[in-house]
Protein chains: 2
Amino acid sequence: MSNYDPDLSRLFHALADPTRRAILTRLAKMPARVTDLAGPTGLRLPTVMRHLSVLEEAGLIATSKDGRIRTCAIVPEAFDPARTWLDEQRAIWEGRLDRLDAFVMRVMKEREE
Amino acid sequence: MSNYDPDLSRLFHALADPTRRAILTRLAKMPARVTDLAGPTGLRLPTVMRHLSVLEEAGLIATSKDGRIRTCAIVPEAFDPARTWLDEQRAIWEGRLDRLDAFVMRVMKEREE
DNA sequence: GCAATACTTAGCGATATGTCTAACTATGAT
DNA sequence: ATCATAGTTAGACATATCGCTAAGTATTGC
């Protein structure tokens with residue numbers, strides 16, 4: 001089970017902040033510069049920088065610098081482990097339902113006899 | 001856009017802790033008492049209680065008390081908003097790819113002329 | 001009744017998080 | 001060379017988080 005994976009913790013933690021989610025949504029549309037990202041948030045540049053570094057350490061964005069401009073881009077595959085974990089939980093839960101179904105079926109058959 | 005939804009923040013935050021994920025995986029298999037959940041974690045009861053209340057406030061689990069025993073159960077639908085948000089991001093990103101595709105197709109057609 | 005069981009509450013301490021201001025570096029434009 | 005732009009670093013501050021111990025309450029079993 002991947003629960004104790006620190007990457008997964010970092011990923012979910014990165015997604016737990018509204019500003020960071022807004023930045024991701026913005027970047028999902030197209031890459032952007034740091035200042036462009038800061039604008040809509042109403043936050044100061046250093047604050048946004050911090051959010052960006054959280055996102056980058058979680059692998060959710062990649063950045064590169066050209067001259068004095070840093071361009072940020074989303075890394076779509078980075079969302080996969082989160083999705084996979086959610087899928088796993090659902091599978092476990094559904095597996096439990098399946099076992100319940102099997103149980104009910106068995107009881108019903110026994111009744112027929 | 002649901003980014004500024006505090007529920008979503010609470011949800012992702014609840015999922016960002018390995019102990020809480022382990023608890024959820026355990027509960028996905030079947031409901032359990034508080035002490036049963038605490039056992040595998042190696043953490044003290046009050047600490048586990050805190051995790052449980054974070055999970056409950058995020059809507060991920062529901063608990064009920066019978067006598068002196070509190071039983072915790074998973075709430076599978078509670079994962080949906082996280083899943084939905086991830087889907088939305090993917091849709092936005094894929095929409096961008098689609099537009100890129102369309103652009104490439106147009107350029108190719110223009111070249112043919 | 002009394003002891004054991006199963007939480008629950010209160011409060012402490014270390015560390016992490018999210019925000020800011022102030023001062024700095026590097027690059028581009030004139 | 002000078003100045004504006006774009007980002008960076010350093011440090012402060014309030015609050016939140018995660019773990020703990022110690023001391024409660026409420027139920028159950030003998």
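Please read all numbers here as calculations on a predicted model, not as lab measurements. Chain identifiers are assigned alphabetically (A, B, ...) following the order of the sequence lines, protein sequences preceding nucleic acid strands; residue numbering begins at 1 within each chain.
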Trainee: Would you mind reading off the distance between B:D36 atom CG and C:dT5 atom C1', rounded to a whole angstrom?
Mentor: 13 Å
Trainee: Could you work out, with side-chain contact (heavy atoms from CB on, under 4.5 Å) as the rule, every residue matching A:R83, not counting sequence neighbours?
Mentor: A:D87, B:R83, B:L86, B:D87, B:R90
Trainee: More 5' along DNA chain C: B:T71 or A:G42, using each one's nearest nucleotide?
Mentor: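 Per heavy-atom nearest nucleotide, the more 5' residue is B:T71.
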Trainee: Looking at A:A14, is its backbone amide N or carbonyl O close enough to the side chain of A:R21 to form a donor-acceptor pair, meaning the two atoms are under 3.5 Å apart?
Mentor: no
Trainee: To the nearest Å, give me how far apart CD1 (A:I69) and P (C:dT25) are.
Mentor: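 For the pair A:I69 CD1 and C:dT25 P, the rounded distance is 21 Å.
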Trainee: Mapping A:R20 and B:P46 to their closest nucleotides on DNA chain C, which lands nearer the 5' end?
Mentor: B:P46
Trainee: When all nucleic acid strands are considered with a 4.0 Å heavy-atom cut-off, which category describes A:R50: base, sugar-phosphate, or nothing?
Mentor: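 A:R50: base contact, heavy atoms under 4.0 Å.
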Trainee: Decide if atom CZ of A:R50 counts as having more than 12 heavy atoms of other residues, nucleotides or ligands within a radius under 6.0 Å.
Mentor: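 Count not over threshold, so no.
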Trainee: A side-chain contact here means heavy atoms from C-beta on lying under 4.5 Å apart; do B:R20 and B:L15 qualify?
Mentor: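 Not touching, per the 4.5 Å side-chain cut-off.
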Trainee: Rounding to a whole Å, what distance do you find between B:R10:CZ and D:dT17:C1'?
Mentor: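 Those two atoms, CZ and C1', are 16 Å apart.
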Trainee: Assign B:T35 to base, sugar-phosphate, or nothing according to its heavy-atom contacts below 4.0 angstrom with the strands shown.
Mentor: sugar-phosphate
Trainee: What nucleotide, of C:dA6, D:dG7, D:dC20, holds the atom closest to the side chain of B:R44?
Mentor: D:dC20
Trainee: Testing the 3.5 Å rule here: is there a donor-acceptor pair between the side chains of B:T63 and B:R70?
Mentor: yes
Trainee: Given C:dA6, is OP1 or OP2 found less than 4.0 Å from the side-chain N or O atoms of B:K65?
Mentor: no
Trainee: Any idea which of C:dC7, D:dG19, C:dT19 is nearest the A:T19 side chain?
Mentor: C:dT19
Trainee: Starting from P on D:dT25, measure out to CZ on B:R70 and report it in whole angstrom.
Mentor: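 Nearest whole value for this atom pair: 18 Å.
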Trainee: Out of C:dT21, C:dC7, C:dT19, which nucleotide sits closest to the side chain of A:T47?
Mentor: C:dT19
Trainee: Picking from D:dT8, C:dT17, D:dG19, which would you name as closest to the side chain of B:H51?
Mentor: D:dG19
Trainee: Rounding to an integer number of Å, can you tell me how far B:H13 NE2 sits from C:dA16 C1'?
Mentor: 10 Å
Trainee: What is the distance, to the nearest angstrom, from the CZ atom on B:R33 to the P atom on D:dT27?
Mentor: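 Checked: the CZ to P distance equals 16 Å.
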Trainee: B:E57 CD to D:dC18 P: how many Å, rounded?
Mentor: 12 Å
Trainee: Nearest to the side chain of A:R68 - D:dT8, C:dG28, C:dT8?
Mentor: C:dG28
Trainee: From CG of A:L45 over to P of C:dA26, roughly how many Å is that when rounded to an integer?
Mentor: 18 Å
